Every structure is written in structure tokens, then in C-alpha cells.
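Model, not experiment: these values are computed from the prediction. Whatever order the structure lists ligands and atoms in, that order sets their numbers, starting from 1.
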Amino acid sequence: MSIILSLETSCDESAAALVSREKGKIDLIGSEIASQIEEHANWGGVVPEIASRRHLENLPFLIEEVFAKSKLQLKDIDAVAATVTPGLTGSLLIGSITARTLASLHHIPFLGIHHLEGHLSSIYLSENHPKPPFLVLLVSGGHTELIKVDIHHKYYRLGRSHDDAAGEAFDKVARLLGLPYPGGPAIQKIAKFGDPKKFLFPKGRVSKPEGGFYPYDFSFSGLKTAVFRQIEKIRLEKQELPIADIAASFEYVVAKVLVERSFRCALDHGLNSLVLVGGVAANLRLREMMLEKASENSIKIALAPMEFCTDNAAMIGAAALLRLSSNYVQSSMELGVSARWPLEKTDLLYDSNPPF
Ligand code: KG4
Ligand code: ZN
């Protein structure tokens, strides 16, 4: 059995987890998260300087807590992992330096993990996960991507957003409606009381220069503008703002477009498993519509467990255990952090000559 200590500090959640792998099965031993969301909510978004300070303060306590609750000690650990890209560099450094320090003190391997590989790996924390190849819809605050996952950690991006990520659209529309940050949970809460068919907001398509549309790509900025115009119109007419109806109609069209293009992409590429991960994957309407569509098709759907949709360290541990068991074993202690790095080039994080 391998046990890994994993750290996540790429944005506004500080997290530590202990994850094990035995006979190919990944199990969570313990997971601790300290969210900074309330503090950043005062500013309407993440303040990088505050985020790094809080990671520095929180991380030692989270590590202590996860060990104490699981009754394990550092000597029981086979490797230490931390998110090294993409994210806020000051924040990434806190997790990465902590992980490298622990790894060198205890003479165990260090693994730098790509945050998106972490999100993709959250599916391995669910009971019935598919085996590659499969298609993943990764929807978070920073990304909206359709990724084909093949064996040996090979990734092919088949679709993406050309402007806002789906989570970003939730956050921006929530702001327009006067709802708190983060917008996704706030919109979901109020949308329950609204009519999803009340307003017909646009689905947002991306034109090809030669004519037609990219079938698996997304655009959410026009949708955000449409919501803004609708709100302005209602205000000019001096009517009360139907917040629940607007939230429900917005949530519905986002879910619909994500479901339609994901299934089209899976069917066109002959992939019969579709996986949903990332912060927006916690959205109940999206989960429900995914399952509904799957029942009309031959495609099997796997949803990331709710608690591992938004940022957490358990998914980073799952990704690290899969890497540990493959040929790419560990990262160089020279590996630093990077605000951006393509998922397709994640193998290079395990090169003796690191790319950053
Ligand atoms: O994966 P995540 O925690 O961080 C990134 O890596 O970006 O995703 C955060 C995003 C935020 O934009 C938040 O509004 C959205 O996920 N989100 C949701 C829900 N819960 C979180 N969006 C829709 N419905 C939800 N229930
Ligand atoms: Zn994330």
C-alpha cells in the first residue's frame, strides 16, 4: 500500500489530505480544508496577497490535523505532493515549498501536480469510475474544457471556452443579481424558487473563420451581457427584479449547453463514458440534466463526488498516486511553480530537467 500526503494551495482554499492506493484502488484516509471564501467575498473575488498569507498561516495546522485524525505520522508516508500549476504563484509556492521541505527532511519523493490533473483525478475517489479512454467535462472557476483522457496520462483537449469559464459566468451573473461570491452556490440556492424557462438566454456559440461553428467550444460572455441587458430593461421599467427567475433561466441555459456539447463530443469521438468534474460539477441542475441525457443515450455518466468538486487536496493525492504507480515516479526538487502550464505537457513535471 502507498500513502501520500497531498497539499492544495493554488487559489482560495488551503487543503491537506492523506490518500492511499492498494491493489489499484484509491481511498481517502483524511481531508482537511480551510476556505478563505468569506474573507475574499468582502472584495467580490480572490485577492492574491491575502490568499498567500492565509495559506502560510493555515497549512501547518491542516497538516497536523489530518495526521492527528488519521492516527498516522510522517514516517508512514511514501511521498508528498503539492499543486504546482496553474494558479496564483504566491499561493502555489506555499504548498510547493512545504511539500519539498517535508519530502527532503523525510527522504521521500516529491510530486508536483497539475491542478487540472487533480480535478480529473477526483473521479477516482468515486466508487464507480470508468477506465480510460473517457471524455471529461471539466468546469471550474478558471476552466471549461472537454478533455479526452487516454491511458498513460495522455490528454487531448477537444473543446474549450473562448472567453469566460462556466464558474466565472456564475460568479459574474451572481454579482449582477446582487448575490454573494462565490456565485455558483448562491445562484443554485435561489434558482430553486425560479422558473428556468422564464427568460430565453442565448447559448453562445463560437464561429469558425471559414463559416459554421466549433461544435464542442463554449462562449459565456454573450450570455452574461444578455443577463445584464435583461436586468437593465426590468430596472428601466421600474419593475421588481425577478432574481429567482433570472438565476434559474441562467443556470438552465448554462447546464443545457454544457450537456448538449459534451454528449455531442463524446458521441462524435466514439467515447461511451463521460465524466463531470470541477467546482461547477457540484451544481445539482447540471448533475441532474447530465444523468437525464445519459438515460437517452448509450453513454455512461460518472459524476465527481460532491465534496471533491470544488478545490481540495484529496484529488491532488489521487493524481499523485496514479503518477507514483506509473513510470514517471517523482519530480525534481528543483521544480518550481507556474501560473500557467498546458495539461498536455504534464509529463514534463516529472522530468529531471524541470520546465519551471
Ligand atoms: O474548482 P473550483 O473550486 O476552483 C477552480 O479551480 O476554479 O471552482 C470554483 C467555481 C466558482 O466559480 C464557483 O462559483 C463554482 O465553481 N461553483 C458552482 C457551484 N459550486 C461552486 N457553480 C455552480 N453551481 C454550484 N453549486
Ligand atoms: Zn480548481
Ranking Ile187, Asp311, Val139, Leu116 by closest non-hydrogen atom to atom 3 (O) of ligand 1, top hit is Asp311

Mind checking whether Ile231 and Leu241 have side chains closer than 4.5 Å, heavy atoms only? yes

Going by chain and number, the hydrophobic cluster around Val206 (ILVMFWY, side chain to side chain under 4.5 Å) further includes Tyr214

Would you compute the distance between atom CG of Leu200 and atom CD of Gln230 and round it to the nearest 0.5 angstrom? 10.0 Å

Would Asn312 and Glu307 count as having a side-chain donor-acceptor pair, cut-off 3.5 Å? no

Nearest neighbour in protein (non-hydrogen) for atom 17 (N) of ligand 1: Gly279 O, 3.6 Å

Closer than 4.0 Å to some heavy atom of Gly142 - which atoms of ligand 1 meet that? 7 (O)

Considering only heavy atoms of Ala282, which atoms of ligand 1 have at least one such atom less than 4.0 Å away? 26 (N)

If the threshold is 4.0 Å, N to carboxylate O, is there a salt bridge linking Glu57 and Arg54? yes

Does the N or O separation between Gly184 and ligand 1 drop below 3.5 Å for any pair? yes

For ligand 1, which atoms sit closer than 4.0 Å to a heavy atom of Gly183? 14 (O)

Who passes salt bridge (charged side-chain N to carboxylate O under 4.0 Å, His left out) against Glu210, sequence neighbours left out? none

Run the side chain to side chain donor-acceptor pair (under 3.5 Å) check on Ser219 and Asp163 step by step: do they pass? CA-CA 6 Å; Ser219 166; Asp163 40 59; 2.6 Å; yes

Any nitrogen or oxygen of Thr310 lying under 3.5 Å from a nitrogen or oxygen in ligand 1? Just yes or no. no

Side chain, backbone, both or neither: which applies to His115 and ligand 1 if a contact is any heavy-atom pair less than 4.0 Å apart? side chain

Is the Phe170-Phe250 ring centre distance short of 6.0 angstrom? yes

Donor-acceptor pairs are to be reported for all side-chain atoms of residues 71-79 against protein atoms at under 3.5 Å, with residues two or more places apart or in another chain.
residue	atom	partner	partner atom	Å
Asp76	OD2	Gln73	N	2.7
Asp78	OD2	Ile3	N	2.6

Show which atoms of ligand 1 fall inside a sub-4.0 Å distance from at least one heavy-atom site of His119. 1 (O), 6 (O)

Answer yes or no: does an N/O atom from Gly278 fall short of 3.5 Å to an N/O atom of ligand 1? no

Measure the spacing between CD of Glu260 and CG of Leu258 and express it to the nearest 0.5 Å. 10.0 Å

At a 4.0 Å threshold, what atoms of ligand 1 neighbour a non-hydrogen atom of Gly141? 5 (C), 7 (O), 8 (O), 9 (C), 10 (C), 12 (O)

Ring centres under 6.0 Å, that's the criterion: do His269 and Tyr216 meet it? yes

Listing by chain and number, which protein N, O or S atoms are under 2.8 Å from the Zn ion (ligand 2)? His115 NE2, His119 NE2, Asp311 OD1

Between ligand 1 and Phe170, is the shortest N or O to N or O distance under 3.5 Å? no

